[in-house]
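First up is the structure itself, then whatever we jot down about it.
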Amino acid sequence: MKLYRITRPVALALLAAALLTPVGRPAAWGQTPPEALQIMEAAKYKTAQWGLAVAELPSGQLLAGLNEEKWFTPAATTMLFTVAAAMEVMGPDYRFRTPVYSSGQLNFDGVLNGDLILRASGDPTMGGRTNAAGKLEFPMPDHVLADEMPVRLVKIDPLTALNDLARQVAKSGVKRVEGEVLIDERLFEAANQPYKDSPLTPMMINDNLVDVIVTPGEEGQPAKLDWRPRDGQTEIENHVTTGPAGEEPNVELKVSEPGVLMASGTVPAGGPPAVRVFSPPDIGAWARVLFMEALERAGVELAASPDSGNQAELLPEVDSYKNMRKLAEFVSPPLAENCRMILKISHNKHADVLPLLMAAHTGGYSFEQGLAVEGHALREMGLDTRAISLFDGEGGPLGNGVSPRAITDLLRLAVTRPWAERFRGCLPVMGVDGALAMAVNRQSPLRGKAQAKTGASLAWDLLNQRLCLGSKGLAGYLTAKSGRKLAFAIYVNNLPADDLEAVAAVGDDLTRICQALYEAF
């Protein structure tokens, strides 16, 4: 099947026109609780469009709806489709296996007269989040958001997999490599994350980010600067000073010259460390240097220079690996762990990697092919994909359109799949964990009764110098007060917001609507 590609500007223009067509005043029917309608009809929502669908499980019978067939901007609830398709295509127990091969002969003295090749498997975490129990750790907010808000870093070494592979290579008897050290990144086509200048590549270390940690000193003194993962090729100039206590941190990173990053600004005295991130310009070359340094730490001498870059032209034919010696292999936790992180904390980058992984898993190569695979999988499950439009895996602000009914249909179909419980276990639990941990208090009857994905899309209204909430959504499973099992989706699109507190209030209203559904059904 030939895939025709529409250029991004044309696609965005066409899809934006469709998504922003007014849907008018919601037409309520069924058993939509009056308390929910009262929230939706508040004066602050006069510019907004609401959508709602509530379906009984396992039958899928629609119990209530508001504009349930209309398209809404789904924001991160898009990830429900992405993760469901990935579980269908790859299976929740799929594990990434990242091998290291040798070309040439290894003599009795431990000298490899050939190249050492790390073949990237697309593993999104490479051991950098895996704890002793084999689970992925993902603080909230995650470090990928460091340039937008205060974050926490996982304590696990982002070089875990590379260090493990290097030790295995040394244990195999290799003491010196006379040839090159290469990273094979041919699993899928590298792409920038939609809407962001953030690379999606088969080789990912620390989400392809360097964490720069700036710790305040005494007021007026230089701040302390550190970064991870450390490598001998990265140079960061420290021009950050310690400002008065109580101020907001203001740290910027920029390239001052090739290979040199400059950190400038201030951090408040007595405050916590500030974290900023940057992405190396050449991920393959960066990963190669990190692997070479891991090999040297493991006692393997290298003739290759770290300055020569990742020389992809020296890679062998893909089919030749079956005839080469495998010296090492790193095995990831099951795919379900990646999916749990994606849905629990709304991890955009990993959600956008999934279409590329689905493409590679089925013999494809590109992001577009991955979305085609996703569409095929969803249709095979029984979903009418004409009721949705997807442009990415994460749910960016343009190109994605989803009807509330399509979401409840997906959730209904998911409960019939062999991976149903694994999928449901990936969702945030109301008042317990993930993005819904603080949605209700411990005394709320709704606590623990809903497992749902949140979504929000914000933009800045330049004309009026205010926030615009393009979308806020909540979709998932609900065990009602009566014990009935439900699938639900709630959306509100297009309303101004004076500040972040007003945005949070909209989220509270969606929780109140969920509470009304819990009580009514």
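Just so we're clear, the structure is a prediction, and the values are computed from it rather than from any experiment. Heads up: numbering here begins at 1 and tracks the sequence.
Judged by distance alone, the side chain of Ser444 and the main-chain N or O of Asn441 form no donor-acceptor pair under 3.5 Å. Proximity of a side-chain donor or acceptor of Thr125 to a complementary backbone N or O of Gly128 within less than 3.5 Å is not detected. When atom types are taken as modelled, the side chain of Asp392 and the backbone of Gly396 share a donor-acceptor pair closer than 3.5 angstrom. A donor-acceptor pair under 3.5 Å is absent between the side-chain atoms of Asn67 and the main chain of Lys70, judged by distance alone. Side-chain N or O atoms of Asp211 include none that pairs as donor or acceptor with a backbone N or O of Trp227 at under 3.5 Å. No donor-acceptor distance shorter than 3.5 angstrom exists from the side chain of Arg379 to the backbone of Glu374, with no hydrogens or angles considered. A donor-acceptor pair under 3.5 Å is absent between the side-chain atoms of Thr78 and the main chain of Pro74, judged by distance alone. Within the 3.5 Å criterion, the main-chain N or O of Lys135 finds a donor-acceptor partner in the side chain of Asn131. A donor-acceptor pair under 3.5 Å links the side-chain atoms of Thr511 to the main chain of Gly507, judged by distance alone. Side-chain N or O atoms of Glu41 include none that pairs as donor or acceptor with a backbone N or O of Gln38 at under 3.5 Å.
Environment of NE2 in His376: sparse, with no more than 12 heavy atoms of neighbouring residues, nucleotides or ligands closer than 6.0 Å.
Under 3.5 Å, the side chains of Glu56 and Ser59 contain no donor-acceptor pair of N or O atoms. Asn208 and Thr201 are linked by a side-chain donor-acceptor pair at a separation below 3.5 angstrom, with hydrogens and angles left out of the test. Looking only at atom types and distance, the side chain of Ser121 has a donor-acceptor partner in the side chain of Thr98 under 3.5 Å away. In the model, Asp207 has a side-chain atom that pairs as donor or acceptor with a side-chain atom of His350 under 3.5 Å. Between the side chains of Glu88 and Trp419, at least one donor-acceptor pair of N or O atoms lies under 3.5 Å. For the 3.5 Å distance criterion, the side chains of Asn493 and Ser471 qualify, holding a donor opposite an acceptor. For the 3.5 Å distance criterion, the side chains of Asn348 and Gln193 fail to qualify, holding no donor opposite an acceptor.
Once rounded to the nearest 0.5 Å, the distance linking NZ of Lys472 with CG of Leu495 reads 11.0 Å. Expressed to the nearest 0.5 Å, how far CG of Leu118 lies from CD of Glu185 amounts to 10.0 Å. If you take CE on Met204 and CG on Asp123, they are separated by 9.5 Å, rounding to the nearest 0.5 Å. In this structure, Tyr518 OH and Arg447 CZ are separated by 13.0 Å, a value rounded to the nearest 0.5 Å.
Leu253 pairs with exactly one of Val214, Asp147, Val212 by the side-chain contact (heavy atoms from CB on, under 4.5 Å) rule, that one being Val212.
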| request: Carefully, step by step, assess Arg276 and Ile213 under the rule side-chain contact (heavy atoms from CB on, under 4.5 Å). | output: CA-CA 7 Å; Arg276 295 293 183 270; Ile213 305 108; over 6 Å; no
| request: Go through Ser332 and Arg95 one step at a time and tell me if the side-chain hydrogen bond (donor to acceptor under 3.5 Å, both in side chains) criterion holds. | output: CA-CA 5 Å; Ser332 75; Arg95 293 176 185 265; 5.9 Å; no
| task | Test side-chain contact (heavy atoms from CB on, under 4.5 Å) on Met126 and Phe96 and set out the steps. | result | CA-CA 9 Å; Met126 287 292 287; Phe96 300 95; over 6 Å; no
| Trace of the side-chain contact (heavy atoms from CB on, under 4.5 Å) decision for Phe81 with Val402 | CA-CA 10 Å; Phe81 295 93; Val402 171; 3.9 Å; yes
| query | Between Leu436 and Val429, is a side-chain contact (heavy atoms from CB on, under 4.5 Å) present by the stated rule, with each step listed? | reply | CA-CA 6 Å; Leu436 293 177; Val429 180; over 6 Å; no
| Is there a side-chain hydrogen bond (donor to acceptor under 3.5 Å, both in side chains) between Tyr491 and Thr77 once you walk through the steps? | CA-CA 10 Å; Tyr491 289 108; Thr77 61; 2.6 Å; yes
| Check against salt bridge (Lys or Arg N to Asp or Glu O under 4.0 Å), Arg422 and Asp93 | CA-CA 10 Å; Arg422 309 285 289 280; Asp93 292 313; 2.9 Å; yes
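For Phe291 against Leu165, the heavy-atom pair with the smallest separation is CE1-CB, 4.1 Å. Nearest heavy atoms, Leu80 versus Phe423: O-CE1, 3.8 Å. For Leu343 against Lys453, the heavy-atom pair with the smallest separation is O-CD, 3.6 Å. Here the closest heavy-atom approach between residue Glu137 and residue Val154 is recorded as O-CG1, 3.6 Å. Across Lys344 and Pro428, no two heavy atoms sit closer than the pair O-CG, 3.7 Å. Nearest heavy atoms, Leu145 versus Val151: C-CG1, 3.8 Å.
Figure legend: cation-pi geometry between Arg424 and Tyr477, with NZ or CZ positioned under 6.0 Å from the six-membered ring centre and within 45° of its axis. Judged by the 6.0 Å and 45° rule, Arg288 forms no cation-pi pair with Trp286.
The shortest side-chain heavy-atom distance between Leu162 and Phe330 does not fall under the 4.5 Å cut-off. By the 4.5 Å heavy-atom criterion applied to side chains, Leu153 and Pro139 are not counted as neighbours. The shortest side-chain heavy-atom distance between Ser279 and Pro199 falls under the 4.5 Å cut-off. Proximity of Ile183 to Ile283: side-chain heavy atoms (C-beta onward) are nowhere separated by under 4.5 Å.
Salt bridge Arg466/Asp499: absent, no basic N to carboxylate O contact under 4.0 Å. A salt bridge is defined here as a Lys NZ or Arg NE, NH1 or NH2 lying under 4.0 Å from an Asp or Glu carboxylate O, and Arg512 with Asp509 meets this definition. Remark: Asp142 engages Arg129 in a salt bridge, criterion side-chain N to carboxylate O under 4.0 Å.
For Trp50 and Tyr45, the ring centers are positioned less than 6.0 Å apart.
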